[in-house]
Amino acid sequence: MKKIVFLILVALPLIAGAQTKIKETAVPRSVLLALENTYDAYKVRTWYQAPGQYIAEIVIDGQNGRSYFTAGGDWQYSAFPVKIEECPTLMNTYFVNNYPGYRIKDIDYIEEMNGDNYYRMNIIKKGISESPCEMIFDTRGKLMKSNAPDPDAVKRDYYTRTNPEASEERITEKTNTQNSRQRQRPTPKVDEPKVEKFEPSDEMTASFAKTVGKRVTAGPEWVNRNDEYAVAYYSNAQKVKMEAVYSIANNQLIMSGKTLSKDRYNGAILKYLAEKFNGEKYKIEKMVVYEYNSKYRDPVTGKKPKPYTYVVISQKEKGTKTVRYTRMEFDSRSQFTGLLAQPLDEKDVQ
């Protein structure tokens with residue numbers, strides 16, 4: 001199956017209308033050629049026809065799916081059902097942490113004609129006949145788009161329903177009483193999780209020494225970011241906090257992150273945040289600009305990826321001491337590209 005980097009999120013009508021089973025001899029030659037040009041090896045199990053559309057039920061690399069084509073012979077997209085254990089861990093983590101009382105109805109891996117690949121997860125509230133809600137995740141498991149209810153509202157509703165003796169009003173009243181006894185309003189507190197030490201390979205250590213050399217004033221502290229990457233956290237000669245991200249597979253430097261000081265925060269991003277959190281209190285915990293190594297090339301496009309900015313926002317929930325975090329990414333033009341469901345690694349702001 002083709003694996004193309006996710007570029008632009010496009011919502012598609014993935015559920016076709018009335019479909020009629022047809023023989024391959026009834027399928028236009030242009031549609032057959034389009035399928036042949038889309039995939040190198042495949043097996044067609046069944047053809048269907050819908051208004052203005054032809055659908056091929058196919059098998060690729062042992063995986064069943066459906067490919068959708070226009071009546072004119074243009075490939076639109078393909079959908080492959082997948083299980084949650086086959087998806088990035090971020091997806092399951094986001095769902096479990098934010099939608100108690102819901103179940104996963106189905107998940108599809110989507111491939112589009114313009115090169116966009118992503119996961120579509122449909123969730124539905126347990127025990128209630130409601131329409132499924134749709135969430136779109138990129139190939140790394142990062143939430144990109146959703147029409148599901150607000151996670152905070154879902155969790156409050158779930159807690160209230162499962163703990164009727166402790167209504168939200170009583171909880172808020174108790175919390176406000178506790179806060180009134182404090183002389184000072186508590187500030188958002190960042191958790192300091194125990195960081196598991198990561199032992200870099202000799203090649204990784206040599207690469208770090210060659211790339212950074214004597215410019216290190218503190219560190220490096222190595223952390224395993226996930227199964228693919230390891231990160232060296234350090235401070236440079238100007239005592240700026242830096243990150244060097246390495247591929248565990250080949251020990252090569254992928255990109256470097258620079259933590260910006262408040263006076264160097266990106267103005268366009270600050271404007272976006274002010275509009276996004278209009279009327280809400282929030283704090284920028286960190287703003288990091290990631291730039292790719294000059295020798296690194298995207299495995300699909302063969303080009304050097306552009307820099308991007310990673311931002312962590314903290315907000316204190318009203319009437320409580322709970323602090324929640326929002327993780328956002330912006331492209332090289334300071335345009336918002338999506339949310340992350342969890343910290344990058346153990347040293348990221350919790």
Side-chain angles (χ1 to χ4, degrees), residues 3-12 14 77 79-80 82-99 102 104 107-112 114-123 133-152 154 223-231 243 245 247 254-255 257 269 272-273 276 284-292 298-301 305-314 324-350:
K3 299 295 182 183
I4 306 174
V5 177
F6 182 96
L7 298 175
I8 306 172
L9 182 65
V10 179
L12 289 175
L14 298 177
Y77 61 93
F80 298 88
V82 293
K83 298 178 180 179
I84 185 61
E85 54 266 26
E86 299 172 336
C87 301
T89 305
L90 277 177
M91 287 178 57
N92 189 39
T93 302
Y94 181 82
F95 169 71
V96 172
N97 290 345
N98 292 286
Y99 289 92
Y102 280 70
I104 297 175
I107 305 174
D108 286 317
Y109 180 78
I110 308 299
E111 295 182 342
E112 291 184 20
N114 58 3
D116 296 351
N117 285 11
Y118 53 88
Y119 293 91
R120 180 185 66 123
M121 176 189 288
N122 281 321
I123 64 173
C133 302
E134 180 182 273
M135 293 189 288
I136 303 296
F137 299 84
D138 71 7
T139 54
R140 295 179 297 171
K142 181 176 66 175
L143 180 66
M144 302 298 290
K145 188 175 182 179
S146 172
N147 65 0
D150 178 71
D152 292 333
V154 170
V223 174
N224 189 351
R225 178 156 287 183
N226 51 41
D227 293 337
E228 297 182 42
Y229 304 111
V231 186
E243 305 172 18
V245 183
S247 167
I254 301 298
M255 59 186 176
I269 294 179
Y272 174 88
L273 295 176
K276 173 70 175 178
I284 299 177
E285 295 288 348
K286 64 191 295 188
M287 186 178 292
V288 184
V289 176
Y290 285 100
E291 292 190 3
Y292 287 85
D298 186 280
V300 175
T301 65
K306 294 182 178 180
Y308 69 94
T309 303
Y310 172 66
V311 181
V312 180
I313 300 297
S314 67
R324 68 176 187 268
Y325 298 89
T326 303
R327 295 172 169 81
M328 318 170 78
E329 286 190 0
F330 298 81
D331 62 18
S332 58
R333 298 175 299 170
S334 303
Q335 298 293 312
F336 172 73
T337 57
L339 300 173
L340 289 182
Q342 66 180 23
L344 295 177
D345 54 55
E346 294 88 342
K347 277 188 67 65
D348 193 18
V349 177
Q350 301 297 300

*Is a side-chain N or O of Asp108 found less than 3.5 angstrom from the main chain of Ile110, in a donor-acceptor match?*
no
Approximate separation, where rounding is to 0.5 Å, of [X] [atom1] and [Y] [atom2]:
{"X": "Tyr118", "Y": "Asp138", "atom1": "OH", "atom2": "CG", "result": "12.0 Å"}
{"X": "Lys286", "Y": "Ile284", "atom1": "NZ", "atom2": "CD1", "result": "13.0 Å"}
{"X": "Met91", "Y": "Ile84", "atom1": "CE", "atom2": "CD1", "result": "5.0 Å"}
{"X": "Arg327", "Y": "Ser314", "atom1": "CZ", "atom2": "OG", "result": "10.0 Å"}
{"X": "Ile123", "Y": "Tyr102", "atom1": "CD1", "atom2": "OH", "result": "6.0 Å"}
{"X": "Ser334", "Y": "Ile269", "atom1": "OG", "atom2": "CD1", "result": "4.5 Å"}

*asked:* Applying salt bridge (Lys or Arg N to Asp or Glu O under 4.0 Å), can you list everything that pairs with Asp331, at least two apart in sequence or on another chain?
replied: Arg333
*For Tyr292, which residues count as a side chain to side chain donor-acceptor pair (under 3.5 Å) partner, sequence neighbours excluded?*
none
_For Ser247, all residues meeting side chain to side chain donor-acceptor pair (under 3.5 Å), sequence neighbours excluded_ = Asn250
Can you name the closest pair of heavy atoms from [X] and [Y] and give their distance?
{"X": "Leu143", "Y": "Met135", "answer": "CD1-CB, 4.0 Å"}
{"X": "Met144", "Y": "Thr337", "answer": "CE-O, 2.8 Å"}
{"X": "Asn224", "Y": "Glu346", "answer": "O-OE1, 3.6 Å"}
{"X": "Pro149", "Y": "Tyr99", "answer": "O-OH, 2.7 Å"}
{"X": "Met328", "Y": "Phe336", "answer": "CE-CE1, 3.8 Å"}

*Kindly determine whether Met121 and Phe95 satisfy side chain to side chain contact (heavy atoms under 4.5 Å, CB included), including the steps that lead there.*
CA-CA 10 Å; Met121 176 189 288; Phe95 169 71; 4.2 Å; yes
_Just checking Tyr109 against Phe80, ring centres under 6.0 Å apart?_
no
Using side-chain heavy atoms (C-beta onward) and a distance below 4.5 Å, is [X] in contact with [Y]?
{"X": "Tyr325", "Y": "Glu285", "answer": "yes"}
{"X": "Lys276", "Y": "Ile313", "answer": "no"}
{"X": "Pro88", "Y": "Tyr119", "answer": "yes"}
{"X": "Arg225", "Y": "Glu243", "answer": "yes"}
{"X": "Asp348", "Y": "Tyr310", "answer": "yes"}

*Classify the side-chain pair Gln335/Tyr272 by whether it contains a donor and acceptor separated by less than 3.5 Å.*
no
_side chain to side chain contact (heavy atoms under 4.5 Å, CB included), that's the test. Do Val288 and Thr309 meet it? Break it down for me._
CA-CA 6 Å; Val288 184; Thr309 303; over 6 Å; no
*Glu291, CD atom: more than 12 neighbouring heavy atoms under 6.0 Å*: no
_Worked check of salt bridge (Lys or Arg N to Asp or Glu O under 4.0 Å) between Glu329 and Arg140_ = CA-CA 13 Å; Glu329 286 190 0; Arg140 295 179 297 171; 3.4 Å; yes
*asked:* Could you go through Val231 and Lys347, starting from their C-alpha distance and side-chain angles, then the distance that decides it, and tell me whether this counts as side chain to side chain contact (heavy atoms under 4.5 Å, CB included)?
replied: CA-CA 10 Å; Val231 186; Lys347 277 188 67 65; over 6 Å; no
*Mind running side chain to side chain contact (heavy atoms under 4.5 Å, CB included) on Met255 and Tyr308 for me, showing each step along the way?*
CA-CA 11 Å; Met255 59 186 176; Tyr308 69 94; 3.3 Å; yes
*Asn98, Asn92, Thr93 screened by side chain to side chain contact (heavy atoms under 4.5 Å, CB included) with Val96, the one that passes*: Asn92
